[in-house]
Structure formats: structure tokens, C-alpha cells
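Before any comments, here is the structure.
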2 protein chains.
Amino acid sequence: MTFSVAATAESIAAVPVSIPAPAVVSGSSAATEKGRCAGCSVRSKGLCAALPAEELPELSAASRTINLLSSTPVVLEGAEADSVFTVVSGMLKLYKTLPDGRQQITGFATAGDVIGLAVGEAYAYTAETVTASTVCRAPRSALHRLMERRPAVQARLLAMTSVELSAAQDQILLLGCKTAVERVASFLLALSRRSRPLPDGCPSVFLPMPKVDIGAYLGLRPETLSRVLRKLEDAGAITRLTNDRIRLDDAAALEATATLAA
Amino acid sequence: MTFSVAATAESIAAVPVSIPAPAVVSGSSAATEKGRCAGCSVRSKGLCAALPAEELPELSAASRTINLLSSTPVVLEGAEADSVFTVVSGMLKLYKTLPDGRQQITGFATAGDVIGLAVGEAYAYTAETVTASTVCRAPRSALHRLMERRPAVQARLLAMTSVELSAAQDQILLLGCKTAVERVASFLLALSRRSRPLPDGCPSVFLPMPKVDIGAYLGLRPETLSRVLRKLEDAGAITRLTNDRIRLDDAAALEATATLAA
DNA sequence: CGGCGATTTGACGTCGTTCAACGTACGTGG
DNA sequence: CCACGTACGTTGAACGACGTCAAATCGCCG
């Protein structure tokens, strides 16, 4: 599911880089053929979860692991969609752009999420790292062959796409109906469901992306987001521990203001 | 794709009914077993397009055709998702509801569209007819069995879901970034691409749903929609032929104001 | 310590909403 | 055939939430 902050992402330190960063590629030549996929940290997630062990050698041969610094584009909206990527670690933002430059972030991708699936020939969105990340690249044709050979892979892809669709419809509800406070509360709660609570039992969320990106995801300006967070903090619902971590002191109050779907 | 007004829908007259209407069911007993699906008007659309002829008898046996008046619910958000439906004719609206009653329409379904696919046990949205409609109901279990037997059906479902996901992301862009005029222009253009131009060559769109529903789809109040339509009409971009039909006199001007995605 | 970008805060403007009244289309019954 | 009722649509005026613009502050590295 293209959204929450996975535990693995939390240990990755953001490496600020303004210029498209050099990519470090470790392909099949960099590790033992069988071992690379077999020992992968996302072996049990995403599409790979549907793969039987005997497919691993061929998959290892077809795929390449790529290490990326932050702010590095991985796929570009409109470009030819010849590859698919699985996020191994880190976090990416997926966004669409209007001709005049306005951007709407459609989701954040973390470990196990698949990026770059396209209906036609072109990618439907741009994907760019927000923290240093590792992704695994495979040619689209290899995925197609794999799906023909293994219906379970196709079934898995269908399940993942369906979950994404459902999440997208929730986002449509959020953007079409909810107020700024409701959007932020919904966002914090959705994130908190995917992360481990603090030692003191309070849920908390990790926000490695800049505030302007959170705003672009929620259909709000960063100024509005800042004001809403302050309001929630004054109300005692949250505490801003650091710039990129928020503790949810009163999750019940947040749920009340989130007006969650029926 | 859950969206545009199909040609078949245009010939269906809306039958205003405020009370949930009686449903007329014509099942396998009402027609010859083989003929019913074989002669269906959506045989070449939606999921059925992926079916080889030899599957038709079993499908006919498992499915039932249902005729519905307007304003009749077909599936309810949160209810147990035990059936899937294919729209044969007419138009339905799909929407989500917040606890306080606010509604967001996530799409309109027309001939060939599939309704009621669910990730978990419950429907994710409510579907309700906006015009008199005919739908074809099949048990979810039958679809699952069919997909196991026929990978092509699963592939088709994956393709349809992917297209829906892409449309949902376009809608997220619309709701998150665009102004009222841009939303309406985008909406009219998207509809016009799916319908036949008038004899005079001008594209036109058919809007059988109430204005409040169009608003709920675009994240706008009916008053705002009305004002925007008036503005577009005054600008010479459109003409309101009747209450439910609009002619697009200047599609180029509309595209300029729609700020279509890159 | 200094500098730069990200974030926050304040003042103000604007777009879309809200509330209310009016108009219109259609169906019903006199 | 026309009066009436109801639901939908339109229009106007005032309001409010969020956006815009600008400045101050924070945080992170060098």
C-alpha cells in the first residue's frame, strides 16, 4: 500500500541533496545469484511475497538493486514505462504535475511498495525519493512473463492494486469533503496505525518528508498545515517532539476530529 | 472505467422515484440458458470481454439480470460484499459517506462497468442508480472460481482495476489542485471524449444526474457549479441546450481553462 | 559563529460556501 | 385546461476557511 511509514524507513537518515544524485547499482554481479533475492528484506512483502523459491534465481538475474540519495527522481510522469520498481528501504513521494507547476502528491511509498506500474506506455506519475532509499528495478517485460507463468503473481498484483484503489478513494473522500483539521487528523491517524508506539505507550508518527509535501498530499498549503498542527498541539491532542516526529497524546480526540468514514 | 456517459445510457429515460423501487429480476429461467449472456449488450465489454464462448452457459446460470428504477441502491457501503454487478444499461453513482452525512461521489458507472469489487468483506462504497438501469448480478464466489480457472479473466480484472486507479489519481489531482472552473471544464471535457458529437460537429455531454451529484463528484456545492456553468456560458464556451445536455461550443477554450495534466 | 533553507507566524485577500429567496419544470388533481 | 405542489436549479449577498504575501524564527551544516 502506497502510504505509511514502514519501520525500516525510520532508521534511514535523510541525506539532503539538491542535484540529482549518483546512483549506486549493485546487480547480480555484486552478490551471489541466489542469495540476493533470497535474503532480501522485502522478500516477504509486495510482489515478491507471491514468488515461490524456485523463481528467485531468474528474478535475481533480471533485477538490479539501486541505492539513491534523497530528492532523486526514479520515474518521470509521461516517460516510457519500461521498468517497475520495488522499494526496499527509504521513502519516495509520488506526484502529478499540472502544466503551470502545481503539484499533487498522490502517495508516499515505503518498503515493499511497487512503483511504476502503468496502464499504457507512459508512467502516470513522477516518483522521487524523500529520504535516501534503496529500490529494486526489474524490466516490465520480465514482470509480464512472470505473471503469465505464475497466476499467483498476477493475483498478488491485483490484490495490491485493489488496495491502492481503495486508498485512492479514501483520499478522494478526504480531498472532496474534509476540512483542513479533519485532513490532518486523518493523516496522522492513518500513519500511526502503521508505526510502533513509543515506549510510553503513546502512538507517534515519523515524518521525514518536508511539510510542503505533506501539504501537497492533503491539498493544503504548508502555512495552513503549520497552523493546524499548532491548533492540535494547543488543544493537547499532539506534541511535536522534533521537526520530523509527532506524538499523538490523545488519539481519541483526533479520531473525533478526523470524521473517519462510516 | 467508472466514469463517462456511455451511448446506451442516453436512450434511457429517467424515471423519478423517491421510494426504493421494486426490482424486476429476469434470471436463467426467463431466457434460454445460452442465449442470455451470448446476446448481452455488454458481452464485449467489462469482465465479460475476457470470457470465451464456452464459459457462457455456466455464467448465465450463475448470474441474474435486474431492472431497477432510478434512485435505487444496489450495494451499500459497509455491507457484506457477497455479489458483484455489471452495469448493462443506465447510470449509477458510487459514493462514500461521512458520519455527519457529507457525501463524496467517487464515480459514475455506465454500461460495462463492474460494481461491488471489494478488498475485504465489505463494500467500500454505496452504489445507487441515477437513471433507470439494468445490472447483472453474480455471486462473488463465482467470480473467484472463474478467475482461478481463467487467468485471462483475472488479467482483465487487473487491467480494469488499474484503469480505475489511474482515474482515481486524476481525480485526486483535480480535487487537490484545481479551482472550481478548472474542475468543471475538466469534467465536461472528460465526458465529451466518451460521447458522440452533435450533428453540427460540436461535442456535447449528457448529464442525467442532478446537479448536486455533479457537485458532489467535483467537490463543489451545487450553487458553485451553477455559477461556474453560467460563467462558461457567458464566455461562449458552452451552451445549455436543456437541463441535462450541454454543448461544448469552444472545446479549445475549455481545455485552456481545464489545466489538464501534463 | 554564520548562512541558508525550512518552518512558523501575522496581516490581509479571495474563492467558494452558506443562507435565503426566487424561478422553473414536471406531475397531480381539480 | 389550468391551478397547485414539490423538487430541482438559479441568483444574490454576506460570511468564513483557506490561500497569499511578507517577515521572523528555527534548525541544520559548514
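This one's a predicted model, so the numbers in the text were calculated from it and none came from an experiment. Quick note on labels: first sequence line is chain A, next is B, and so on, each numbered from 1.
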What is the distance, rounded to the nearest whole Å, between atom CG of B/L207 and atom P of D/dC8? 16 Å
Rounded distance (Å) that lies between atom P of C/dT7 and atom CZ of A/R221: 15 Å
Hey, does A/G219 reach any base, or is it just sugar-phosphate, or nothing, if we go heavy atoms under 4.0 Å? sugar-phosphate
In whole Å, I'd like the distance from the CG atom of B/L225 to the P atom of C/dC15. 18 Å
For B/D249, side-chain hydrogen bond (donor to acceptor under 3.5 Å, both in side chains) partners two or more places apart: B/T239, B/R247
B/T134 meets the side chain to side chain contact (heavy atoms under 4.5 Å, CB included) criterion, sequence neighbours left out, with B/T65, B/N67, B/V88, B/S89
When the nearest nucleotide of DNA chain D is assigned to B/K211 and to A/T224 on a heavy-atom basis, which residue is associated with the more 5' position? B/K211
Non-neighbouring partners of B/T126 that pass side chain to side chain contact (heavy atoms under 4.5 Å, CB included), sequence neighbours left out: B/L76, B/E77, B/Y95
Atom pair distance, as rounded to whole Å: CE in B/M209 and C1' in D/dA7: 18 Å
side-chain hydrogen bond (donor to acceptor under 3.5 Å, both in side chains) filter on B/S166, not counting sequence neighbours, yields none
Under the side chain to side chain contact (heavy atoms under 4.5 Å, CB included) test, which residues partner A/A216, sequence neighbours left out? A/I105
Of the nucleotides C/dT17, D/dA22, D/dG19, which has the atom closest to the A/L220 side chain? D/dG19
Kindly state which residues belonging to residues 229-244 of chain B come within less than 4.0 angstrom of DNA chain D, counting heavy atoms of the residue only, listed by number. B/R230, B/R240, B/N243
Return the polar atom pairs (N/O with N/O) between nucleotides 13-17 of chain D and the protein under 3.5 Å, or none.
none

Let me know the distance between CD of B/E223 and P of C/dG23, rounded to the nearest Å. 17 Å
So the salt bridge (charged side-chain N to carboxylate O under 4.0 Å, His left out) pairs with at least one residue in residues 166-181 of chain B (sequence neighbours excluded) are A/K96-B/D170
Contact summary for B/A127 and B/L94, nearest pair of heavy atoms: CB-CD2, 3.5 Å
Determine, stepwise, if the pair B/L248 / B/C202 fulfils side-chain contact (heavy atoms from CB on, under 4.5 Å). CA-CA 6 Å; B/L248 278 53; B/C202 269; over 6 Å; no
B/D244 meets the side-chain hydrogen bond (donor to acceptor under 3.5 Å, both in side chains) criterion, sequence neighbours left out, with B/T242
Report the residues that fulfil side chain to side chain contact (heavy atoms under 4.5 Å, CB included) with B/D100, sequence neighbours left out, ordered by chain and then residue number. B/L98, B/R102
Gap between atoms CZ and P, on A/R102 and D/dG19 respectively (whole Å): 13 Å
B/R183 CZ to C/dG16 P, in whole Å, measures 8 Å
The bend of the helix from C/dC1-D/dG30 to C/dG30-D/dC1, taken between the axes of its five terminal pairs at each end and rounded to 10°, is 30°
Which donor-acceptor pairs under 3.5 Å do the side chains of residues 219-229 of chain A make with protein atoms, sequence neighbours left out?
none

